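Just below is one structure, and these are the notes that go with it.
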Amino acid sequence: MLTVLVSPIYAEDPSLIGTLRSRFPEVDFVGIGREAPFPPAVHQAQVLLYGGLTKPVLSALLNQAPKIDWIHTGTAGFDWLMVPEVEARSIPISRTLHAMDTPIAEFVMATMLAHFKNLARLLDAQQRRAWEPPMHGELFGKTLGIVGAGSIGARIAGYAQAFGMRVLGTKRSPEPQPGFDAIHSPGALPMLLEASDVVVLACPLTPETRHMMGYAEFQQMKRNSYLINIARGALIVEADLIRALNEGLIAGACLDVFELEPLPADSPLWNIPSLFISPHCSYRSPQVRARVIDEFSENLKRYLSGKPVKNTMRHVALGY
Ligand SMILES: NC(=O)C1=CN([C@@H]2O[C@H](COP(=O)(O)OP(=O)(O)OC[C@H]3O[C@@H](n4cnc5c(N)ncnc54)[C@H](O)[C@@H]3O)[C@@H](O)[C@H]2O)C=CC1
Ligand SMILES: O=C(O)C(=O)CO
């Protein structure tokens, strides 16, 4: 009998693990905790449904689970799985591709609209009972630059085009794509930064993209531009962003992700008025985990019938 280890965020929800058990009665789904000790079944398990384990816990788990030959992650990002055990054993990793596109794209539109429609100022004025009508900006005709025109980026692009925005994107294999007016290779980042009124970071964290946005990049952006990061905190040199915002190099930013999470209470990021902080929750909606279970189920069917699983990472060592 195949044993599949199920990470706590799925195992603790009876409806999610129940769905898996009813779809695959021939499989033994074993829930694991957030840290060691792990149940004895890990020794014979071949598959791991990953979600929310820290790197040290994942390493400890893999060390006790020598037969694991496939990990499916319920996350879209894969940087959290880059542990030595995965690389040394070349364990194939597949990931969730579309489950979070909709909530994240809606969140990005919400933050763009909040910025251009002065929602924070209006709320502040309301609390002071002050009648202070600001001059709003329009999304219509603005240029949106999406760094990482992948699954999430494409959904954002579609919504932005519906608002009349011009949409530029960068990605590793640039080819024309619905929703985008132009797609370029990663080397076109300076052009995208110079041209965009709003820049959204939606690419994975890899050795290439770590700290891709530093002071020099903020200098390339338009003075009244807005930055949104829903990808990974370490794409940005946070100290440089603080400097850029304090010097008014850009008009503002929204960060959903941070180099260190949870963001420490004494981080200087909390104090910047032009920065909107969101606690890594842009992906959250009641539908997401069920979609993850659906994507995993599709892949588990393939695994059980000997077909290659879908949405695998090509270069584990490089992190993409
Ligand atoms: N804030 C949150 O809650 C969430 C954050 N994420 C983050 O968003 C990232 C993107 O997710 P998806 O769109 O599903 O991934 P995806 O793999 O569909 O798209 C990523 C895109 O980035 C491109 N890319 C890679 N390196 C690049 C570079 N140097 N410059 C420009 N583009 C580059 C790839 O070619 C690809 O088109 C994930 O890796 C994850 O880190 C994902 C889900 C939730
Ligand atoms: O899926 C991801 O990569 C996230 O950051 C949210 O879980």
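This one's a predicted model, so the numbers in the text were calculated from it and none came from an experiment. Note that ligands are numbered from 1 as they come in the structure, with each ligand's atoms numbered from 1 the same way.
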No-hydrogen, no-angle side-chain donor-acceptor test under 3.5 Å, [X] and [Y]:
| X | Y | answer |
| --- | --- | --- |
| Arg95 | Thr73 | no |
| Thr206 | Glu208 | no |
| Asp101 | Tyr283 | no |
| Asn118 | His136 | yes |
| Ser94 | Trp70 | yes |
| His211 | Glu238 | no |

Assess Arg243 against Tyr215: is NZ or CZ under 6.0 Å from the centre of the six-membered ring, and within 45 degrees of the ring's axis?
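The answer is yes; both the distance and angle limits are met.
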Under 3.5 Å, N or O to N or O, is [X] touching ligand 1 that way?
| X | answer |
| --- | --- |
| Arg95 | yes |
| Gly153 | no |
| Asp256 | yes |
| Asp101 | no |
| Val257 | no |
| Ser173 | no |

Could you tell me, atom by atom, which parts of ligand 2 come under 4.0 Å of a heavy atom of [X]?
| X | value |
| --- | --- |
| Tyr283 | 6 (C) |
| Met100 | 1 (O) |
| Gly77 | 1 (O), 2 (C), 3 (O) |
| Arg232 | 2 (C), 3 (O), 4 (C), 5 (O) |

His115 vs Tyr226 aromatic rings, parallel, tilted or perpendicular, using cut-offs 30° and 60°?
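Aromatic pair His115/Tyr226 classed parallel.
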Which of the numbered atoms in ligand 1 are under 4.0 angstrom from any heavy atom belonging to [X]?
| X | answer |
| --- | --- |
| Ala76 | 14 (O), 42 (C), 43 (C) |
| Arg172 | 24 (N), 25 (C), 26 (N), 35 (O) |
| Ile104 | 2 (C), 4 (C), 43 (C), 44 (C) |
| Ser282 | 1 (N), 2 (C), 3 (O) |
| His280 | 1 (N), 2 (C), 3 (O) |
| Cys203 | 9 (C), 22 (O), 24 (N), 32 (N), 33 (C) |
| Pro204 | 20 (C), 22 (O), 24 (N), 25 (C), 39 (O) |

Please determine whether any non-hydrogen atom of Thr170 lies less than 4.0 Å from an atom of ligand 1.
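It does; at least one heavy atom falls under 4.0 Å.
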Are His98 and ligand 1 in contact, using a heavy-atom cut-off of under 4.0 Å?
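Under 4.0 Å: no for His98.
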Salt bridge check, [Y] against [X]: does any charged N sit closer than 4.0 Å to a carboxylate O?
| X | Y | value |
| --- | --- | --- |
| Glu194 | Lys222 | no |
| Arg166 | Asp197 | no |
| Glu247 | Arg223 | no |
| Asp13 | Arg289 | no |

Can you tell which of [options] gets a heavy atom nearest to [atom]?
| atom | options | result |
| --- | --- | --- |
| atom 18 (O) of ligand 1 | Ser151, Ala149, Gly77 | Ser151 |
| atom 29 (N) of ligand 1 | Asp79, Thr209, Ile152, Asn311 | Thr209 |
| atom 6 (N) of ligand 1 | Gln177, Met100, Lys171, Arg232 | Arg232 |

Say whether Gly74, considering both its backbone and side-chain N or O atoms, lies within less than 3.5 Å of an N or O atom on ligand 2.
no
Under 3.5 Å: donor-acceptor pair, side chain of Ser7, backbone of Gly51
yes
Using a cut-off of 6.0 Å, state whether more than 12 heavy atoms not belonging to Arg210 lie near its atom CZ.
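At most 12 heavy atoms, drawn from other residues, nucleotides or ligands, come within 6.0 Å of this atom.
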Show the nearest heavy-atom pair for residues Gly74 and Met100, with the distance to one decimal.
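Nearest heavy atoms, Gly74 then Met100: O-CE, 3.6 Å.
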Are any of the heavy atoms in Phe78 under 4.0 Å away from ligand 2?
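For ligand 2, residue contact (heavy atoms, under 4.0 Å) with Phe78 is absent.
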Identify the closest protein heavy atom to atom 1 (O) of ligand 2: which residue and atom is it, and at what distance?
Ala76 N, 2.7 Å
Atom 4 (C) of ligand 2 sits nearest the protein heavy atom His280 NE2, 3.6 Å
